Amino acid sequence: MRDIMDVACAGYGISRTDLISHRRSRLLVEARHVVMWLAKTYTTHSFPTIGKILGGRDHTTVMFGVYKIDAQRKLDGRLATNLAVLAQRLTGGRA
């Protein structure tokens, strides 16, 4: 989970403190949702565990974030490319 957060923070140019904060700027929300999606895709963590790691968020918030990114990546080429780049960095090019 730490690696996922570090990769996403570097990709979005934000700090880990910003990522787990309760601020809701568009950039931070997208970065959080991307972390949720990456965590659900590349780990076996449950929705409640991911929420707890991301600042104590409810499991339904994590579910929404994962489903939102999953739906958006099919429609938004920029997001799909960004996810691919982050996944490559996360897996060392094995994604």
Side-chain angles (χ1 to χ4, degrees):
M1 215 30 216
R2 186 171 302 181
D3 291 341
I4 291 171
M5 292 170 73
D6 289 343
V7 164
C9 286
Y12 279 90
I14 61 173
S15 70
R16 193 183 293 192
T17 303
D18 288 335
L19 186 67
I20 63 172
S21 74
H22 289 282
R23 294 185 2 226
R24 295 186 298 179
S25 71
R26 184 174 294 199
L27 176 70
L28 294 178
V29 169
E30 182 175 312
R32 266 184 223 119
H33 287 175
V34 165
V35 167
M36 293 171 186
W37 185 87
L38 288 169
K40 201 60 187 156
T41 303
Y42 292 100
T43 72
T44 58
H45 292 311
S46 65
F47 290 120
T49 300
I50 294 168
K52 185 176 180 182
I53 293 168
L54 286 174
R57 287 173 167 75
D58 189 75
H59 74 281
T60 57
T61 301
V62 178
M63 289 171 61
F64 175 79
V66 170
Y67 297 137
K68 182 175 179 179
I69 291 298
D70 206 41
Q72 271 188 315
R73 73 187 175 98
K74 297 170 185 167
L75 304 173
D76 184 348
R78 178 200 58 85
L79 180 60
T81 300
N82 191 27
L83 288 172
V85 168
L86 293 176
Q88 238 181 351
R89 288 180 188 164
L90 184 62
T91 62
R94 295 183 308 270

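What's counted below: heavy atoms across the whole structure, side chains too, no hydrogens, waters or symmetry copies. All of these numbers come straight from a predicted model, not from anything done at the bench.
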Please list, chain by chain and in numerical order, all residues satisfying side chain to side chain donor-acceptor pair (under 3.5 Å) with [X], sequence neighbours excluded.
X: D6; answer: R16
X: R23; answer: D18
X: S46; answer: T49

For residues [X] and [Y], determine if any side-chain heavy atom of one lies less than 4.5 Å from a side-chain heavy atom of the other.
X: K40; Y: V62; value: no
X: Y12; Y: N82; value: yes
X: M5; Y: L54; value: yes

Among residues two or more places apart or on two chains, list those pairs meeting ring pair (Phe, Tyr, Trp, His ring centres under 6.0 Å) that have a residue in residues 61-83. H33-F64
Give every residue pair that meets the salt bridge (Lys or Arg N to Asp or Glu O under 4.0 Å) criterion with at least one member in residues 44-67, sequence neighbours excluded. none
Hey, could you give me the [atom1]/[atom2] distance between [X] and [Y], rounded to the nearest 0.5 Å?
X: M1; Y: T43; atom1: CE; atom2: OG1; value: 6.5 Å
X: D3; Y: L38; atom1: CG; atom2: CG; value: 11.5 Å
X: I14; Y: S21; atom1: CD1; atom2: OG; value: 8.0 Å
X: I20; Y: L28; atom1: CD1; atom2: CG; value: 11.5 Å
X: I69; Y: T41; atom1: CD1; atom2: OG1; value: 10.5 Å
X: F47; Y: T60; atom1: CZ; atom2: OG1; value: 10.5 Å

Would you say M36 and V29 are hydrophobically clustered, going by side-chain heavy atoms of ILVMFWY under 4.5 Å? no
Same cluster (ILVMFWY, side-chain, under 4.5 Å), V35 and L27: yes
Closest heavy-atom contact between G11 and L86? CA-CD2, 4.1 Å
Non-hydrogen atoms of A39 and I4 that approach each other most closely: CA-CD1, 3.6 Å
Could you list the residues that satisfy ring pair (Phe, Tyr, Trp, His ring centres under 6.0 Å) with H45, not counting sequence neighbours? none
Do the side chain of R73 and the main chain of L79 share a donor and acceptor less than 3.5 angstrom apart? no
